[in-house]
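Just below is one structure, and these are the notes that go with it.
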Number of protein chains: 2
Amino acid sequence: MTRQQFRRPPTAQEAVLAELRRAIITGELRPGEQVLQDALAERFGVSRVPLREALKILEGEGQVIYRPHRGYFVAELDIDDLREVYRIRDLLETEAVRRAVPQITGDELAVMAAALEEVEHASASGDLATMTEANRRFHFELVEAARMPRLSRLVRVLWDATDVYRSLYYSDGDHRDAVHDEHRAVLEAVRGGDAEAAAVLLRTHRERAVSALERVLPTP
Amino acid sequence: MTRQQFRRPPTAQEAVLAELRRAIITGELRPGEQVLQDALAERFGVSRVPLREALKILEGEGQVIYRPHRGYFVAELDIDDLREVYRIRDLLETEAVRRAVPQITGDELAVMAAALEEVEHASASGDLATMTEANRRFHFELVEAARMPRLSRLVRVLWDATDVYRSLYYSDGDHRDAVHDEHRAVLEAVRGGDAEAAAVLLRTHRERAVSALERVLPTP
DNA sequence: TAGGTGGAGATTGTATCCAATGTTCGGAAT
DNA sequence: ATTCCGAACATTGGATACAATCTCCACCTA
């Protein structure tokens, strides 16, 4: 019998890491802003040690920039950076889709369909947080079906790099409808086993995101 | 006038990070081995605090695995992992070469040529460390000529992931000669502005590396 | 003997304290 | 006015001490 995986209370650094991610995505910590360690540690109710270890993880992901003796600063994205992120995602996700489609399971398809439902429902009721989360689940279920753990991780990091700005263009109603249509088309292509179609649809989907994000990015 | 960038004495975590990288690449810390923090901190002459922060960076790069309350373990590479690393490098480096070749500068070509010389010289005199370093310089000069900083960083991390095993197949004389020929061919293609040829040559070059590494990997 | 149990020791996780460095700002010299 | 110093302050870097957790093995039990 498979051994039950027991829950473990999260360590302080794990809790702080999750909080930091959330704070960065929601814009509570704004791009360019310095992360004042004393203040944040107190706010999270921990000492600076676990906070600093969490920041080191985020540094590795490019979410914060570290300057020795100066501190950590929330990363800012300029337009070149944005385009590079999406160019790399093109390369990685196209590969992921090609591998994923032929071997995707019924369970995974079901998760994707459910996530899609939830995106549309949350979109209708204006729940941006849920929408963002379900949207993420939809896309990552597909990427992870490729069974390339390193690639999945890289895509996740790149995804997170633009999460600060993502909610901004989701608020636009026209885009939302287009996004839903694209999602459904992707799901159909994946169901039908047409990897190339899915890859192309996803590239178009990303291109829409890039041009929307470009308009929304802080002026350089 | 451009402002002089003053040297700063490295912080303990920076020094420890460099030492850890070296220790992992040389095999001083062996794959699978636990990193005992007290012992290593004492050896480096620092407390556990900067050591742990350095380990967090390496965790993000996949060089060590972190298990809460258990510790850090030097990452092991199995054959699937190796193939995934090289598959991702194919995608990223092919893109890099396509972008780099049309815009590479004379200075960068000179650096590549010099690095290539040094590889061959070090190879002849059996200086594996220098050879590995110069080989790395050769390849990265090209990747960085693409001016895609994120992509460069990803390639570096993937490169490092297999560095533990790299020296093993360099010791083989036949491979060395083939490697030198391939290097020269790549340099010529880049000089001639033929990005596609360079991309193909580099893919072949990597394929040789993969099959050599597969033979040298610890049995799973 | 097989399996469970409970500590003792080893190791990691975090808080606190102090040192090192960077920043800011007032004032003096030119 | 401008620039150059320097001291006070803010912030980060690191060492130490202790708490929490895990590992391992002797011992007990069925």
Side-chain angles (χ1 to χ4, degrees), chain A residues 1-21 23-24 28-60 62-75, chain B residues 1-21 23-24 28-60 62-75:
Chain A
M1 174 184 167
T2 61
R3 172 168 285 283
Q4 163 78 24
Q5 194 71 282
F6 280 103
R7 262 271 164 282
R8 176 180 49 74
T11 61
Q13 38 178 309
E14 289 174 310
V16 165
L17 178 59
E19 278 302 297
L20 279 174
R21 283 192 201 285
I24 290 175
E28 214 167 301
L29 291 173
R30 278 188 277 178
E33 181 180 347
Q34 177 166 12
V35 177
L36 290 177
Q37 300 177 11
D38 277 321
L40 265 187
E42 187 181 12
R43 190 176 117 192
F44 294 153
V46 299
S47 79
R48 279 171 50 221
V49 176
L51 172 66
R52 290 170 55 107
E53 299 204 348
L55 283 167
K56 274 281 179 266
I57 292 288
L58 293 175
E59 182 197 350
Q63 297 273 85
V64 300
I65 307 293
Y66 171 63
R67 313 245 273 305
H69 301 296
R70 303 274 202 79
Y72 294 86
F73 300 81
V74 179
Chain B
M1 174 183 166
T2 61
R3 172 167 285 281
Q4 163 77 26
Q5 193 72 284
F6 280 102
R7 263 270 163 281
R8 178 180 47 75
T11 61
Q13 37 177 310
E14 290 174 310
V16 165
L17 179 58
E19 277 302 297
L20 279 174
R21 284 191 201 284
I24 291 175
E28 215 168 298
L29 291 173
R30 279 188 276 178
E33 181 180 346
Q34 177 167 13
V35 177
L36 291 177
Q37 301 178 9
D38 277 321
L40 263 189
E42 187 180 14
R43 191 177 116 191
F44 293 154
V46 299
S47 79
R48 279 169 51 220
V49 175
L51 172 65
R52 288 172 56 101
E53 300 204 349
L55 284 167
K56 275 279 180 271
I57 291 289
L58 293 175
E59 181 197 352
Q63 297 272 85
V64 301
I65 307 293
Y66 171 62
R67 314 246 273 305
H69 302 296
R70 302 277 201 77
Y72 294 86
F73 300 81
V74 180

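Only this structure's heavy atoms are used, side chains among them; waters, hydrogens and symmetry mates stay out. A, B, ... follow the sequence lines: proteins, then strands. Residue 1 opens every chain.
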**Study point:** From B:Leu58 atom CG to B:Leu29 atom CG, the distance as rounded to the nearest 0.5 Å
**Key:** 10.0 Å
Check your understanding: Could you state the interatomic distance from CD (B:Glu53) to CD1 (A:Ile57), rounded to the nearest 0.5 Å?
Key -> 11.0 Å
Review point. Should the pair B:Lys56-B:Glu59 be classified as a salt bridge under the 4.0 Å nitrogen-to-oxygen rule?
Key: yes
Name the closest nucleotide to the [X] side chain, picking from [options].
{"X": "B:Pro9", "options": "C:dT21, C:dG13, D:dA15", "value": "C:dT21"}
{"X": "B:Arg48", "options": "D:dG13, C:dT12, D:dA15", "value": "C:dT12"}
{"X": "A:Pro50", "options": "C:dA15, D:dG14, C:dG13", "value": "C:dA15"}

Hey, does the side chain of [X] come within less than 4.0 Å of [N]'s phosphate (OP1/OP2), counting only N and O?
{"X": "A:Ser47", "N": "C:dT14", "result": "no"}
{"X": "B:Arg8", "N": "C:dT21", "result": "no"}
{"X": "A:Tyr66", "N": "D:dG13", "result": "yes"}

[X] [atom1] - [N] [atom2] separation (whole Å):
{"X": "B:Glu42", "N": "D:dA15", "atom1": "CD", "atom2": "P", "value": "13 Å"}
{"X": "B:Phe44", "N": "D:dG14", "atom1": "CZ", "atom2": "P", "value": "14 Å"}
{"X": "B:Leu51", "N": "D:dA15", "atom1": "CG", "atom2": "C1'", "value": "13 Å"}
{"X": "A:Gln13", "N": "D:dT21", "atom1": "CD", "atom2": "C1'", "value": "14 Å"}
{"X": "A:Glu14", "N": "D:dT21", "atom1": "CD", "atom2": "P", "value": "12 Å"}
{"X": "B:Arg52", "N": "C:dA15", "atom1": "CZ", "atom2": "P", "value": "12 Å"}
{"X": "A:Lys56", "N": "D:dG13", "atom1": "NZ", "atom2": "C1'", "value": "10 Å"}

Study note, to complete from the structure: Sorted by chain and residue number, the side chain to side chain contact (heavy atoms under 4.5 Å, CB included) partners of B:Pro31 (sequence neighbours excluded) come out as B:Glu76, B:Val164, B:Tyr165
Check your understanding: Under 3.5 Å, is there a donor-acceptor pair between the side chain of A:Gln37 and the main chain of A:Gly71?
Key -> no
Revision key, fill the gap. Protein-proximity profile, nucleotides 6-11 of chain D, B/S/- by nucleotide at the 4.0 Å heavy-atom cutoff, equals -----S
Point to revise | With sequence neighbours excluded, residues passing side-chain hydrogen bond (donor to acceptor under 3.5 Å, both in side chains) with A:Arg30 | key: none
Check your understanding: When all nucleic acid strands are considered with a 4.0 Å heavy-atom cut-off, which category describes A:Glu53: base, sugar-phosphate, or nothing?
Key -> nothing
Exercise for review: With the side chain counted from C-beta on, respond yes when A:Leu55 and A:Leu20 share a heavy-atom pair under 4.5 Å apart, and no when they do not.
Suggested key: yes
